[in-house]
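Position 1 is the first residue of the sequence, and the numbers go up from there. First listed ligand is number 1; within each ligand, the first listed atom is number 1. All values reported here derive from a predicted model rather than from experimental measurement. Note: hydrogens, waters and symmetry copies are ignored here, and every other heavy atom, side chains too, is used.
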Amino acid sequence: MKHPSHDPNCIFCKIVAKEIPCQKVYEDDEILVFKDINPAAPVHLLLIPKKHIPMLESVTAHDAPLLGKMLGLVPRLASQEGCRPGKEGGFRVMVNNGADGGQEVYHLHLHVMGGPRPWKK
Ligand code: 5GP
Ligand code: ZN
């Protein structure tokens with residue numbers, strides 16, 4: 001279903017609206033999690049709000065609970081998707097913001113990367 005904030009030019013909004021398929025890992029009313037199409041690590045997930053928020057710098061105080069919920073989901077989903085526990089395991093959480101930050105898709109997303117090294121990036 002299209003979110004009220006749906007941006008027809010945004011690839012991640014199209015994934016939320018199921019206009020483009022994805023390898024879904026988790027979904028609730030506010031959040032969608034799927035596998036990155038070009039994984040940089042053995043586990044590479046993208047966590048997105050269904051709401052079209054272009055960048056980390058466009059979040060408002062109103063979005064704080066949503067961002068907290070996204071971050072709170074990370075450990076469980078990372079482990080569910082194969083990130084190893086303990087000191088030898090773990091995962092990386094990353095947000096690219098703007099061109100200097102390496103952002104390519106202007107719909108806020110958390111990268112979650114893990115699995116045995118070496119990684120591609
Ligand atoms: P950014 O550089 O904006 O932080 O990251 C965008 C990420 O989205 C990249 O890692 C890229 O591989 C991934 N990506 C771009 N288009 C698609 C898509 O259509 N499907 C999926 N699953 N991932 C995508
Ligand atoms: Zn969007």
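Not a single heavy atom of Tyr106 sits closer than 4.0 Å to an atom of ligand 1.
Looking at heavy atoms from C-beta onward, Lys121 lies out of side-chain contact with His44 at the 4.5 angstrom threshold.
In this structure, of Met113, Gln103, His111, the residue bringing a heavy atom nearest to atom 4 (O) of ligand 1 is His111. Taking only non-hydrogen atoms, the option from Val95, Ile15, Ile48, Leu108 nearest to atom 20 (N) of ligand 1 is Ile15.
When the shell of 6.0 Å around CG of Asp100 is examined, it contains 12 or fewer heavy atoms from other residues, nucleotides or ligands. Counted within 6.0 Å of CZ on Arg84, heavy atoms from surrounding residues, nucleotides or ligands total more than 12; the atom is thus considered enclosed.
Near Asn96, the atoms of ligand 1 lying under 4.0 angstrom from a non-hydrogen atom of the residue are 1 (P), 2 (O), 4 (O). Close approach to Asn38 involves these atoms of ligand 1, each under 4.0 Å from a residue heavy atom: 12 (O). Set against the non-hydrogen atoms of Phe12, the atoms of ligand 1 under 4.0 Å away are 8 (O). Atoms of ligand 1 lying under 4.0 Å from at least one heavy atom of His109, given by number and element, are 1 (P), 3 (O), 4 (O), 5 (O), 6 (C).
Interatomic distance, NE2 of His107 versus SG of Cys10, reported as 5.5 Å (0.5 Å rounding). Interatomic distance, Leu46 CG to Cys22 SG, rounded to the nearest 0.5 Å: 9.5 Å.
Of the N or O atoms in Cys22, none lie within a sub-3.5 Å distance of an N or O in ligand 1. Inclusion of Glu104 in the set of residues having an N or O under 3.5 Å from an N or O of ligand 1 is warranted. For a threshold of 3.5 Å applied to N or O pairs, the pair formed by Leu46 and ligand 1 contains no separation below that value. Here's the thing with Val105: one of its N/O atoms is less than 3.5 angstrom from an N/O atom of ligand 1. The shortest N/O to N/O separation between Lys35 and ligand 1 falls below 3.5 Å.
If you chain together hydrophobic residues whose side chains sit under 4.5 Å apart, Ile37 and Leu32 never meet in one group. Note on Val33: it clusters hydrophobically with Val95, by side-chain heavy-atom contacts below 4.5 Å among ILVMFWY residues. Linking ILVMFWY residues whenever their side-chain heavy atoms come closer than 4.5 Å, directly or via other members, leaves Phe34 and Ile31 in distinct clusters.
In this structure, the protein non-hydrogen atom closest to atom 24 (C) of ligand 1 is Ile37 CG2, 3.5 Å. The single protein non-hydrogen atom nearest to atom 16 (N) of ligand 1 is Ile11 CD1, 4.1 Å, given as residue, atom name and distance. When only non-hydrogen protein atoms are considered, atom 11 (C) of ligand 1 lies nearest to Asp36 OD1, 3.4 Å. Summary of contacts: the protein heavy atom closest to atom 2 (O) of ligand 1 is Gly102 O, 3.0 Å.
Of the heavy atoms in Ile20, none comes closer than 4.0 Å to ligand 1. Only side-chain heavy atoms of Phe34 come within less than 4.0 Å of ligand 1; its backbone N, CA, C and O stay farther off.
Of the possible polar contacts, one joining the Asn97 side chain to the Leu56 backbone as a donor-acceptor pair under 3.5 Å is found. In terms of modelled atom types and a separation under 3.5 Å, the side chain of Lys50 and the main chain of Glu27 share no donor-acceptor contact. The backbone N or O of Leu66 sits nowhere less than 3.5 Å from a side-chain atom of Asp63 that would complete a donor-acceptor pair.
At a cut-off of 3.5 Å, with distance as the only test, a side-chain donor of His3 or Ser5 sits close to an acceptor on the other residue.
Legend: protein N/O/S atoms lying under 2.8 Å from the Zn ion (ligand 2), waters omitted, number 4.
In terms of heavy atoms, Val25 sits closest to Gln80 at O-NE2, 3.7 Å. Summarising the geometry of Gly114 relative to Ala41, their closest heavy-atom pair is O-CB, 3.6 Å, with the distance given to 0.1 Å.
The aromatic ring centroids of His111 and His109 lie less than 6.0 Å from each other.
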